[in-house]
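We number each residue from 1, following the sequence as shown. In each ligand, atom 1 is the first atom listed, and ligand 1 is the first ligand listed. Atom set for the values below is all heavy atoms of this structure, side chains included, hydrogens, waters and symmetry mates excluded.
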Amino acid sequence: MVVRKKKEFVCRGCHRVAEGEVCPICNASTSTDWAGYLVIIDPEHSEIAKRMNITIAGKYALKVR
Ligand SMILES: [Zn+2]
């Protein structure tokens with residue numbers, strides 16, 4: 001896992017990397033202040049996805065402020 005930080009929006013609710021200022025999954029507001037890039041390919045067989053309650057494959061951040 002590569003930890004990096006760049007200008008991308010991350011949802012404050014589900015931690016998913018979003019395209020804009022509102023998350024398309026849960027409609028929560030997004031933040032550009034986040035850390036730890038996480039790609040979930042197979043949420044049903046991923047321990048970290050279960051721990052973070054992620055059920056949809058995609059890009060996520062570990063920490064969002
Ligand atoms: Zn969300």
> At the Zn ion (ligand 1), what is the angle formed between atom SG of C14 and atom SG of C26, rounded to the nearest 10°?
Replying inline: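 Result: 120°, to 10°.
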> Where the Zn ion (ligand 1) is the centre, what is the SG-to-SG angle for C11 and C23, rounded to 10°?
Replying inline: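 The two atoms subtend 110° at the Zn ion (ligand 1).
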Treating [X] as the side-chain partner and [Y] as the backbone partner, does any N or O pair qualify as donor plus acceptor under 3.5 Å?
| X | Y | result |
| --- | --- | --- |
| H15 | Y60 | no |
| W34 | E8 | yes |
| S31 | R65 | yes |

>> I'd like to know: is the Zn ion (ligand 1) within the 2.8 Å range of an N/O/S atom from H15, strictly under that distance?
In response: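 Coordinating: no.
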> With side chains defined as the heavy atoms from C-beta onward, is the minimum distance between I40 and I48 less than 4.5 Å?
Replying inline: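 Side chain of I40 against side chain of I48, heavy atoms only: contact under 4.5 Å found.
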